[in-house]
Amino acid sequence: MKVGSLKIGVSSQNFRTITGHAGKGRRFMVYETYDGNEIQELERLDLPKEMALHEWNGQGEHPLFELDYLITSGCGEGFMRKMSSRGVMVRATAETDPVTAVKALLSNTLPPAAPHEHDHDHHHDHEHHH
């Protein structure tokens with residue numbers, strides 16, 4: 001873990017708990033920490049639909065690419081690859097409290113997300129338009 005200032009995003013559709021589907025999510029809480037000590041909430045992103053990474057056309061800058069880490073309760077491999085290619089490390093976790101998760105990430109004690117089945121029976125279509 002690098003020292004200095006870190007920007008850590010947390011996917012949170014309700015701005016209270018960590019939620020999943022980070023690639024389709026549009027709400028993120030952004031925290032900053034300096035040398036892993038004090039954690040402060042910098043901002044809350046409430047992105048328009050076309051800025052959800054699943055929809056984004058790749059033009060210009062994206063606010064999520066300014067992060068060092070992104071914590072979510074779940075995301076797809078494509079999302080992880082896209083974020084990694086921009087230098088953002090994605091961590092999926094079973095932790096639900098954003099601040100607890102950020103502290104756990106910094107101390108390398110972040111619990112992994114529970115594995116989930118990919119039976120695609122979760123009531124939304126999977127038409128991918130590329």
Item to check | Evaluation steps, side chain to side chain contact (heavy atoms under 4.5 Å, CB included), between Leu106 and Ile39 | outcome: CA-CA 10 Å; Leu106 295 171; Ile39 297 166; 4.0 Å; yes
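- Closest approach of Ala22 to Cys75, counting heavy atoms only: CB-CB, 4.1 Å.
- A donor-acceptor pair is defined here as one N or O able to donate and one able to accept, closer than 3.5 Å; such a pair exists between the side chain of Thr93 and the backbone of Pro111.
- At least one donor-acceptor pair under 3.5 Å links the side chain of Thr72 to the backbone N or O of Thr19.
- Under a hydrophobic clustering in which Ile, Leu, Val, Met, Phe, Trp and Tyr are joined whenever their side-chain heavy atoms come within less than 4.5 Å, directly or via other members, Met80 and Leu64 fall into the same cluster.
- With sequence neighbours left out, Arg27 forms a salt bridge (Lys or Arg N to Asp or Glu O under 4.0 Å) with Asp46.
- Between the side chains of Thr33 and Asp35, no donor N or O sits under 3.5 Å from an acceptor N or O.
- Atom CZ of Arg16 is surrounded by 12 or fewer heavy atoms from other residues, nucleotides or ligands within 6.0 Å.
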Next on the checklist: Checking Met51 against Arg26 for the side chain to side chain contact (heavy atoms under 4.5 Å, CB included) test, could you report, in this order, the C-alpha distance in whole Å, the side-chain angles of both residues, the deciding distance, and whether it holds?
Outcome noted: CA-CA 7 Å; Met51 288 298 282; Arg26 305 197 322 256; over 6 Å; no
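- Atom CD of Glu55 is separated from atom CG of Leu47 by 12.0 Å, given to the nearest 0.5 angstrom.
- For the pair Ile18 and Ser73, the minimum side-chain heavy-atom distance is below 4.5 Å.
- Residue Asp68 holds its CG atom at 11.0 Å from CG of Leu70, rounded to the nearest 0.5 Å.
- Taking hydrophobic clusters as Ile, Leu, Val, Met, Phe, Trp and Tyr residues chained together by side-chain heavy-atom distances below 4.5 Å, Ile71 does not share a cluster with Val88.
- Heavy-atom contacts from other residues, nucleotides or ligands closer than 6.0 Å to CZ of Phe65 number more than 12.
- For Lys7, the NZ atom is densely surrounded, since the number of other residues' heavy atoms within 6.0 Å is greater than 12.
- When every heavy atom of Arg44 is checked against every heavy atom of Phe15, the shortest pair comes out as NH1-CB, 3.4 Å.
- Both Tyr69 and Val102 belong to a common hydrophobic cluster when Ile, Leu, Val, Met, Phe, Trp and Tyr are linked at side-chain heavy-atom distances under 4.5 angstrom.
- Residues Met83 and Leu45 are members of one and the same hydrophobic cluster, defined by side-chain heavy-atom contacts under 4.5 angstrom among Ile, Leu, Val, Met, Phe, Trp and Tyr.
- Between atom OH of residue Tyr31 and atom CD1 of residue Ile8 there is a gap of 10.0 Å, rounded to the nearest 0.5 Å.
- Criterion: ILVMFWY side-chain heavy atoms under 4.5 Å apart, direct or through other members. Under it, Leu53 and Val90 are part of a common hydrophobic cluster.
- Of all non-hydrogen atoms in Leu110 and Ala101, the two that sit nearest each other are CD1-O, 3.4 Å.
- Separation of atoms NE2 (His62) and CG (Asn57) is listed at 9.5 Å; rounding is to 0.5 Å.
- By the side-chain contact (heavy atoms from CB on, under 4.5 Å) test, Gln40 pairs with Glu32, Glu38, Leu42, sequence neighbours left out.
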